[in-house]
Amino acid sequence: MKKSYVWMWIVAALCLVSAFTVIGKPDSAAGLIGCFVVAAVFGFLGYRNFTKYKAFAARQAATASESAARDAERQARLDARGFIETSVAGVTFKNDDKTSRQQLIKSFMQADEIGETLSISLIPYEYDGAPAISVEINDKCIGNIKKDDVSRIMAVKDRIESIGARFDTLKSEGGGKVFYVVLRICYLKES
């Protein structure tokens with residue numbers, strides 16, 4: 001917002017100065033009154049614009065401080081969290097009930113594209129005496145966490161806040177599509 005009130009006050013001051021130059025001259029009453037009226041009008045307009053400018057500046061300052069506070073709060077939330085990104089292994093196998101994980105992933109991919117909510121769960125279990133984690137979407141197994149990432153995820157499993165999934169496809173050697181999933185796990189860092 002421009003500081004137009006300054007120019008209005010300058011015009012008002014010039015009118016007042018010119019009014020004083022005609023004081024005492026014969027037939028100067030009309031000019032004197034005209035100068036005072038113009039000075040009063042420009043003085044009022046300058047004052048009104050000045051109050052608008054102050055209100056605008058106060059709103060701008062408040063908006064800037066609110067924005068800085070939101071940014072600081074967001075950064076604090078991010079600093080308090082960690083992220084693990086891992087691809088799901090075993091997506092080409094069939095489940096024990098003979099359902100195709102590829103068909104499940106394809107249907108979840110389509111559901112995700114139209115905005116359906118998907119419930120992603122990590123289910124710890126043991127495989128050949130070693131810890132393992134099954135990945136389920138809407139209570140259907142789509143694969144497992146890679147063996148290399150199991151210990152990192154087990155270390156934060158009680159502090160996981162959210163799990164997001166990104167679905168994509170690769171071309172297989174035979175020319176077909178292979179659907180795969182990459183998980184992004186958000187967890188609270190230890191204080």
Side-chain angles (χ1 to χ4, degrees), residues 1-2 54-191:
M1 183 171 211
K2 295 181 181 177
K54 281 181 66 175
F56 174 77
R59 281 194 310 272
Q60 289 291 94
T63 301
S65 68
E66 288 171 5
S67 177
R70 277 194 309 270
D71 289 347
E73 182 180 318
R74 180 178 177 273
Q75 190 59 47
R77 282 195 315 268
L78 286 174
D79 290 345
R81 284 156 181 78
F83 298 92
I84 298 173
E85 195 164 290
T86 182
S87 56
V88 178
V91 295
T92 57
F93 298 131
K94 290 190 183 264
N95 287 326
D96 292 339
D97 62 358
K98 305 294 183 215
T99 56
S100 167
R101 291 179 180 177
Q102 285 292 291
Q103 287 301 316
L104 289 171
I105 293 170
K106 180 181 177 183
S107 69
F108 291 138
M109 183 178 184
Q110 292 167 342
D112 185 56
E113 287 173 353
I114 62 170
E116 286 186 23
T117 302
L118 302 176
S119 173
I120 304 170
S121 305
L122 302 178
I123 313 296
Y125 69 100
E126 277 195 21
Y127 181 76
D128 288 340
I133 301 174
S134 170
V135 179
E136 293 185 0
I137 297 181
N138 296 350
D139 298 323
K140 305 279 188 194
C141 179
I142 61 159
N144 296 288
I145 296 295
K146 294 187 304 185
K147 197 184 304 186
D148 297 342
D149 291 330
V150 169
S151 61
R152 285 192 315 150
I153 294 171
M154 290 298 275
V156 300
K157 71 178 173 67
D158 295 330
R159 294 179 277 127
I160 292 176
E161 282 193 327
S162 64
I163 305 170
R166 181 173 45 88
F167 301 92
D168 212 340
T169 59
L170 294 172
K171 284 193 175 186
S172 68
E173 292 177 11
K177 288 183 180 178
V178 175
F179 295 93
Y180 70 95
V181 182
V182 176
L183 298 180
R184 182 173 170 90
I185 301 166
C186 173
Y187 64 93
L188 281 173
K189 292 180 181 176
E190 291 181 314
S191 326

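The chain is numbered in sequence order, starting from 1. Every value quoted in this text rests on a predicted model; they were computed, and no experiment measured them.
Not counting sequence neighbours, S151 has no partner by the side chain to side chain contact (heavy atoms under 4.5 Å, CB included) test. For E136, there are no salt bridge (Lys or Arg N to Asp or Glu O under 4.0 Å) partners, not counting sequence neighbours. Residues satisfying the salt bridge (Lys or Arg N to Asp or Glu O under 4.0 Å) test with R59, not counting sequence neighbours, are none. Take E73 and apply the salt bridge (Lys or Arg N to Asp or Glu O under 4.0 Å) test, not counting sequence neighbours, and it matches R77. The salt bridge (Lys or Arg N to Asp or Glu O under 4.0 Å) test applied to D149 returns R152, not counting sequence neighbours.
When all heavy atoms of I120 and A165 are compared, the pair lying nearest together is CD1-CB, 3.6 Å. Across all their heavy atoms, K146 and A89 have their closest contact at CG-CB, 4.0 Å.
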Discussion item. Set out, in order, the CA-CA distance, both residues' side-chain angles and the distance that settles side-chain contact (heavy atoms from CB on, under 4.5 Å) for I142 and V181, then state yes or no.
Written reply: CA-CA 9 Å; I142 61 159; V181 182; 3.9 Å; yes
Item to complete: Report the C-alpha distance between T99 and K94 in whole Å, list the side-chain angles of each, state the deciding distance to 0.1 Å, and finish with yes or no for side-chain contact (heavy atoms from CB on, under 4.5 Å).
Response: CA-CA 6 Å; T99 56; K94 290 190 183 264; over 6 Å; no
Practice prompt. Apply the test side-chain contact (heavy atoms from CB on, under 4.5 Å) to residues I133 and M154: give CA-CA distance (whole Å), side-chain angles for both, the deciding distance (0.1 Å), then the verdict.
Written response: CA-CA 8 Å; I133 301 174; M154 290 298 275; 3.7 Å; yes
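With a 4.5 Å cut-off on side-chain heavy atoms, V150 and I153 do not count as touching. Annotation: side chain of L104 is not in contact with side chain of I137 (no heavy-atom distance under 4.5 Å). Using a 4.5 Å heavy-atom threshold, the side chains of T86 and I145 count as touching. Put simply, the side chain of I105 does not reach to within 4.5 Å of the side chain of Y180, judged on heavy atoms. When side chains are defined from C-beta on, V178 counts as touching Q102, because their heavy atoms get closer than 4.5 Å. Residues N138 and L118 meet the side-chain proximity criterion, which asks for heavy atoms closer than 4.5 Å. Residues T169 and M109 form a side-chain contact, since some pair of their non-hydrogen atoms from C-beta on lies under 4.5 Å apart. For the pair K140/F108, a side-chain contact is recorded, criterion being any heavy-atom separation below 4.5 Å from C-beta on.
Taken to the nearest 0.5 Å, the CD atom of E161 stands 4.0 Å off from the CG atom of L188. Between the CZ atom in F179 and the CG atom in L170 there is a gap of 10.5 Å [rounded to 0.5 Å]. The distance from atom NZ of K157 to atom CZ of R159, rounded to the nearest 0.5 Å, is 11.0 Å.
In this structure, R184 is positioned above the aromatic face of F83, its NZ or CZ under 6.0 Å from the six-membered ring centre and within 45° of the axis.
Atom CG of D97 is surrounded by more than 12 heavy atoms from other residues, nucleotides or ligands within 6.0 Å.
With hydrogens and angles left out, the side-chain atoms of D79 and Q75 include a donor and acceptor closer than 3.5 Å.
Screening residues 104-127 for side chain to side chain donor-acceptor pair (under 3.5 Å) gives Y125-N144 as the qualifying pairs, with residues at least two apart or on separate chains.
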